[in-house]
Asks: 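Quick one: this structure, given as structure tokens, is what I'll be asking you about.
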Amino acid sequence: MKITLAQQNYHIGNFESNTAKIIAAIESAKAEGSDLILFSEMSVCGYPARDFVEFDDFIDQCYKAIDTIRMHADTIGVLIGSPARNKGHKGKSLFNAAFFLYEQEIKAEIHKTLLPTYDVFDEYRYFEPAFEWNIVPFKGKKLAVTICEDIWNMGDNPLYRICPMDILMEQQPDIMLNLSASPFDYTHDEDRKSVIKANVQKYGIPMFYCNAVGSQTEIVFDGASLIFDKHANLCAALPMFREAAATVTVLEDGTMDAPVLEPASRVPDKELAPVTLEPALNIAQVYEALISGIKDYFSKMGFQKAILGSSGGIDSAVTLALACDALGREQVRAILMPSPYSTEHSVDDAVQLSKNLGNPYDIIRIDEVYNSFLHTLEPLFNGLPFSLAEENIQSRSRGNLLMAIANKFNYILLNTSNKSELATGYGTLYGDMAGGLGVLGDCYKLQVYELAAYINRNEERIPAHIITKPPSAELRPGQKDSDSLPDYNMLDQVLYQYIERRMGPAEIKMMGYDAALTDRTLKMVNSNEYKRNQFCPIIRISPKAFGVGRRMPIVGKYLV
């Protein structure tokens, strides 16, 4: 059987575009003589559609799109993903479903069984789990069709009480097909391969796995769709972070008419779960994920141009370089806003950065704006000593200027805050925390330095002095990040244990981390939840990002 995987980038709720992409891939697969084409989870409407699925009109449009697509499924089998109405009298009103189309008819409707409700997923909010499990007969073969999470209930500690493939194996299927929307994080490429390998080894039949690609606000889908033969050899792998298709013939004996790219012995056996933060881990993938996140956010929102504050620091430099790579250097405007406490070398560094990257930039001094605020507040401040209030006035002045320019010229403001700063509250609400998209908000400071090194891998695009100088917000004379925060080499490791690995203070101290540092760090994290709750969307690149994947109470007392 000749099977095509169509790895595509969908736009949530853009039924016209999504349908056109699907039909184009079907026609291409027919021209290749494919028997079957497989698309990703929720391909009709895009994933995750979230509360859009609560609108009857949205579901009606899904069905209309399916009707349009099935007219092209004449000589070829087509598997697409969409919400489906629950026609029964019990349970939620929708299923997360796959529709099998052939001979211009809906031949089968397969429902997802395992509904993830953790991290960025909230599927049980919307969908009912499957009630029944049946193979799909097609051209003399029995197809076991599953949807994303349905194949992940493996290992020694399964999350769910049943495994759909265990039930489907009773009907002796020949091939496993999985429609997926599995998000990227810097450990997930290895995780995915290990899970698919485990399925193939357990059930002894080949698997075709089609994953979504492209970014949906915070969540980045990396594609990397896979084809394994019955011996768990990897026989085809689609590229990460771009649309692609692959056609492979599965033979009668469960092997593939394709070369083995990676023998089973070399495919990972277990998920990747680093015990400590490894800043350079899969940094090239992190770079590509951030590029995808920026590019799709702008294109799907209908924007073309970005603006950001360029301070001469490492975070704004990396953000600017990423934006130039994603959008084109002419589309990214850097605004340098020195204050009375900005050093000349920082201004020079920011200018040199823009010259290296070739993006437009402007210098707007904020001395007069800042002094005007101080003069206005003088009767209230009444000679009180310089404090955080005066520091934050500078940051908020810059935020106001950036937003004014963004409004005037139809830009999106990119936020440059990193995960270390967001975790500890080292940022100013409505100042340097302003923006439409958080580019580095899921990258610890140590990872930002690794990104800078990666960006400079072929030539010095980010000036060396930006990378080597001590980081500083420059909001008071001689200020350094180290005045307010522990050294990033230790801070980021403690943050990683608490945020990514969910370790408590006693566990972290048992690992050898300083007790006072641990207590101080965890208190900063929990006491600054109110700030993060007001932050813009963050491009997710880690297994546990701030935002939709981490939901904490603001007024909680734990560790505060």
Side-chain angles (χ1 to χ4, degrees), residues 185-186 220 241 277-295 306 308-329 332 334-336 342-343 345-359 361 414-424 426-427 432 435 437-474 480-482 485 487-493 495-496 538-542 545:
D185 69 60
Y186 52 70
V220 179
F241 304 110
L277 175 65
E278 299 177 17
L281 179 63
N282 289 330
I283 200 68
Q285 293 181 11
V286 171
Y287 168 86
E288 293 294 342
L290 294 172
I291 294 296
S292 173
I294 297 168
K295 189 178 295 184
L308 56 81
S310 182
S311 67
I314 186 76
D315 300 312
S316 61
V318 169
T319 303
L320 181 56
L322 289 166
C324 288
D325 290 352
L327 304 173
R329 61 189 182 184
V332 186
I335 307 296
L336 289 62
S342 300
T343 58
H345 68 73
S346 290
V347 178
D348 293 342
D349 289 342
V351 169
Q352 188 59 52
L353 171 68
S354 283
K355 287 181 177 178
N356 289 359
L357 296 175
N359 68 278
Y361 68 94
L414 295 178
N415 185 274
T416 66
S417 303
N418 63 60
K419 192 172 188 175
S420 308
E421 294 170 344
L422 291 174
T424 56
Y426 191 60
D432 59 338
L437 181 68
V439 175
L440 300 178
D442 198 26
C443 298
Y444 289 112
K445 189 77 169 188
L446 297 181
Q447 290 174 303
V448 176
Y449 281 106
E450 293 295 339
L451 280 168
Y454 182 80
I455 290 165
N456 280 3
R457 66 194 182 280
N458 296 321
E459 59 179 327
E460 187 180 285
R461 302 176 67 205
I462 297 175
H465 189 248
I466 289 178
I467 299 172
T468 58
K469 68 184 177 184
S472 170
E474 296 191 335
K480 301 287 187 293
D481 286 8
S482 55
L485 297 176
D487 181 83
Y488 286 115
N489 286 302
M490 293 303 298
L491 173 66
D492 285 358
Q493 293 294 346
L495 290 172
Y496 178 82
I538 296 168
I539 301 173
R540 175 186 183 269
I541 56 94
S542 81

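In this text, all values refer to a predicted model and were calculated from it rather than measured experimentally.
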Asks: How many angstroms lie between atom CD1 of I462 and atom CG of L353, to the nearest 0.5 angstrom?
Replies: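 The distance works out to 6.5 Å.
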Asks: Who are the side-chain hydrogen bond (donor to acceptor under 3.5 Å, both in side chains) partners of Q352, not counting sequence neighbours?
Replies: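 Testing Q352 for side-chain hydrogen bond (donor to acceptor under 3.5 Å, both in side chains), a comparison that skips the adjacent residues, returns N356.
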Asks: How would you list, by chain and number, every residue that makes a side-chain hydrogen bond (donor to acceptor under 3.5 Å, both in side chains) with Y426, sequence neighbours excluded?
Replies: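 Checked Y426 against side-chain hydrogen bond (donor to acceptor under 3.5 Å, both in side chains); matches are D481.
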Asks: Please name all residues satisfying side chain to side chain contact (heavy atoms under 4.5 Å, CB included) with S482, sequence neighbours left out, ordered by chain then number.
Replies: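 If we apply the side chain to side chain contact (heavy atoms under 4.5 Å, CB included) test to S482, skipping adjacent residues, the hits are K480.
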Asks: Which residue pairs pass the salt bridge (charged side-chain N to carboxylate O under 4.0 Å, His left out) test with at least one member in residues 313-323, sequence neighbours excluded?
Replies: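 Sorted result for residues 313-323: D315-K445.
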Asks: Side chains of V286 and E450, heavy atoms from C-beta outward: is any pair under 4.5 Å?
Replies: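 Sidechains of E450 and V286: no contact.
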Asks: Among all residues two or more places apart in sequence or in another chain, which pass the side-chain hydrogen bond (donor to acceptor under 3.5 Å, both in side chains) test with S420?
Replies: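 With sequence neighbours excluded, S420 shows a side-chain hydrogen bond (donor to acceptor under 3.5 Å, both in side chains) to D492, given in chain and number order.
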Asks: Scan for salt bridge (charged side-chain N to carboxylate O under 4.0 Å, His left out) pairs involving residues 451-469, sequence neighbours excluded, and state none if there are none.
Replies: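 Found D325-R461, D349-K469.
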Asks: Can you list the residues that meet the ring-ring contact (aromatic ring centres under 6.0 Å, His included) rule with Y488, with sequence neighbours excluded?
Replies: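 Applying ring-ring contact (aromatic ring centres under 6.0 Å, His included) to Y488 gives none.
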Asks: Go through the structure and list residues passing side-chain hydrogen bond (donor to acceptor under 3.5 Å, both in side chains) with N489, not counting sequence neighbours.
Replies: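 Listed in chain order: D487.
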Asks: When you compare the side chain of L440 with that of T416, does any pair of heavy atoms fall below 4.5 Å?
Replies: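 The answer is no, as the side chains (C-beta and beyond) never meet within the 4.5 Å cut-off.
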Asks: The criterion is side chain to side chain contact (heavy atoms under 4.5 Å, CB included); which residues satisfy it with E288, sequence neighbours excluded?
Replies: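 For E288, the residues satisfying side chain to side chain contact (heavy atoms under 4.5 Å, CB included) (neighbours in sequence not counted) are F241.
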Asks: With sequence neighbours left out, what residues match S311 under side chain to side chain contact (heavy atoms under 4.5 Å, CB included)?
Replies: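 Per chain and number, S311 pairs via side chain to side chain contact (heavy atoms under 4.5 Å, CB included) with S316.
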Asks: Y496: what forms a ring-ring contact (aromatic ring centres under 6.0 Å, His included) with it, not counting sequence neighbours?
Replies: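 With neighbours one apart ignored, the set is empty.
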Asks: In terms of side-chain heavy atoms, does S354 have a donor or acceptor partner in N359 at a distance below 3.5 Å?
Replies: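 Short answer, yes.
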Asks: Quick one: side chain to side chain contact (heavy atoms under 4.5 Å, CB included) partners of A350, sequence neighbours excluded?
Replies: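 Testing A350 for side chain to side chain contact (heavy atoms under 4.5 Å, CB included), a comparison that skips the adjacent residues, returns S310, L336.
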